[in-house]
Amino acid sequence: MSIHLEKDASPIRVLVDTNIWLDYFLARGQHHEAVSRFLAKTYDRDDIALYVASLSLKDLAYQIASLLKLDTRRAGKEITEDVSAAARETAWGCVRNVLQKALIAPVGATEVLGAFTYKRVHDDFEDDLVLAALDAVGGHALMTHDAVLARHLGDTCITAEEGLQLLNELDSRRG
């Protein structure tokens, strides 16, 4: 596992990237099971705190609603007002669910300026905003499945599978 923690680092602060939330809600990709297990195991723990960047919430809502409508189109059905309303309500529900699991890491003027410090390391403004939000909450890790970001940031990034390893390590420290 890639997180290096001091013994008294509690709670461990993990910012969960948009792609992780999408894997969770859309039951997509090879990481879905690990993401679901990680999120379930972190619920009601006091030794780990999950965060979500505020900008991820709007991305999540937009992408979920858009993907639901795309699935409807692919099924050969028309996008009616009822279908649109259902897609929007599902997106709102997903955001509410995230807020039950994670604290909000705000992205404001400070984080926008902070994103520029990451430009030389990882030249992707949206990702760099998330990294600045991670800094703002004193985060220990960014959980993401973005391979390019992970390659550029190394030990700062963990996968859902590594998150499960972290939880196992924390459990073994307890007793």
Side-chain angles (χ1 to χ4, degrees), residues 1-39 41-42 45 47-67 70 91 94-95 97-99 101-170:
M1 181 179 34
S2 53
I3 297 183
H4 303 290
L5 300 170
E6 302 97 39
K7 283 232 183 239
D8 61 346
S10 189
I12 296 166
R13 292 175 296 282
V14 177
L15 195 146
V16 180
D17 202 4
T18 308
N19 59 58
I20 300 291
W21 296 111
L22 287 169
D23 286 348
Y24 177 67
F25 288 114
L26 299 174
R28 68 175 195 179
Q30 65 188 32
H31 301 286
H32 170 70
E33 183 181 330
V35 169
S36 295
R37 286 184 26 234
F38 175 81
L39 291 174
K41 287 183 173 203
T42 58
R45 288 183 76 126
D47 57 351
I48 191 159
L50 301 183
Y51 287 83
V52 60
S54 58
L55 63 95
S56 291
L57 295 171
K58 63 104 179 151
D59 290 343
L60 181 65
Y62 174 79
Q63 289 187 34
I64 289 203
S66 294
L67 289 168
L70 178 61
C94 290
V95 170
N97 190 272
V98 169
L99 296 178
K101 296 174 179 7
L103 302 166
I104 299 172
V107 176
T110 301
E111 291 73 31
V112 170
L113 295 174
F116 283 89
T117 64
Y118 287 102
K119 184 179 184 303
R120 287 180 293 164
V121 177
H122 182 72
D123 189 10
D124 181 314
F125 186 63
E126 184 177 7
D127 288 342
D128 295 346
L129 286 169
V130 171
L131 293 169
L134 178 69
D135 288 344
V137 299
H140 296 99
L142 171 64
M143 181 174 284
T144 186
H145 293 139
D146 181 332
V148 174
L149 177 59
R151 188 171 57 248
H152 290 162
L153 272 288
D155 288 350
T156 301
C157 296
I158 63 170
T159 64
E161 292 80 3
E162 290 170 323
L164 288 168
Q165 290 174 10
L166 171 63
L167 295 177
N168 289 336
E169 181 182 319
L170 292 172

Task: Stepwise side-chain contact (heavy atoms from CB on, under 4.5 Å) check, V98 with V16 - done: CA-CA 10 Å; V98 169; V16 180; over 6 Å; no
Task: Working for side-chain contact (heavy atoms from CB on, under 4.5 Å), residues R13 and L134 - done: CA-CA 9 Å; R13 292 175 296 282; L134 178 69; over 6 Å; no
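Below 30°, between 30° and 60°, or above 60°: for W21 and Y24 the angle between ring planes is above 60°, a perpendicular geometry.
D17 and S56 are not linked by any side-chain donor-acceptor pair at a separation below 3.5 angstrom, with hydrogens and angles left out of the test.
Nearest heavy atoms, C157 versus E162: O-OE1, 4.1 Å. Between S10 and D47, the shortest heavy-atom distance links the atoms OG-CA, 3.8 Å. A pairwise comparison of heavy atoms in A91 and A61 identifies CB-O, 3.3 Å as the closest pair. A53 approaches V107 most closely through the heavy-atom pair CB-CG2, 4.2 Å. Of all heavy-atom pairs spanning A115 and F125, the tightest one is CB-CE1, 3.9 Å.
To the nearest 0.5 Å, atoms CG (L166) and CE (M143) are separated by 8.0 Å. Between the CG atom of L113 and the CG atom of L129 there is a distance of 10.0 Å, given to the nearest 0.5 Å. Here the CG-NZ distance, from L99 to K101, works out to 10.5 Å after rounding to the nearest 0.5 Å. Annotation: the span from H152 atom NE2 to L131 atom CG amounts to 11.5 Å, rounded to 0.5 Å. Atoms OG1 and CG, from T144 and D23 in turn, are 9.0 Å apart once rounded to the nearest 0.5 Å. For the atom pair CG of L164 and CZ of R37, the computed distance is 5.0 Å after rounding to the nearest 0.5 Å.
Side-chain contact check for Y118 versus D135: some heavy-atom pair is nearer than 4.5 Å. The side-chain heavy atoms of L149 and L142, taken from C-beta on, include a pair separated by under 4.5 Å. Contact check for L22 versus D59: no side-chain heavy atoms found under the 4.5 Å cut-off.
Remark: the backbone N or O of L60 is not paired with any side-chain donor or acceptor of T18 at under 3.5 angstrom. No donor-acceptor pair under 3.5 Å is formed between the side chain of H140 and the backbone N or O of V14.
The residue from L170, L50, I12 that alone fulfils the side chain to side chain contact (heavy atoms under 4.5 Å, CB included) condition with R45 is L170.
Annotation: ring pair (Phe, Tyr, Trp, His ring centres under 6.0 Å) contacts of H31 (sequence neighbours excluded): H145.
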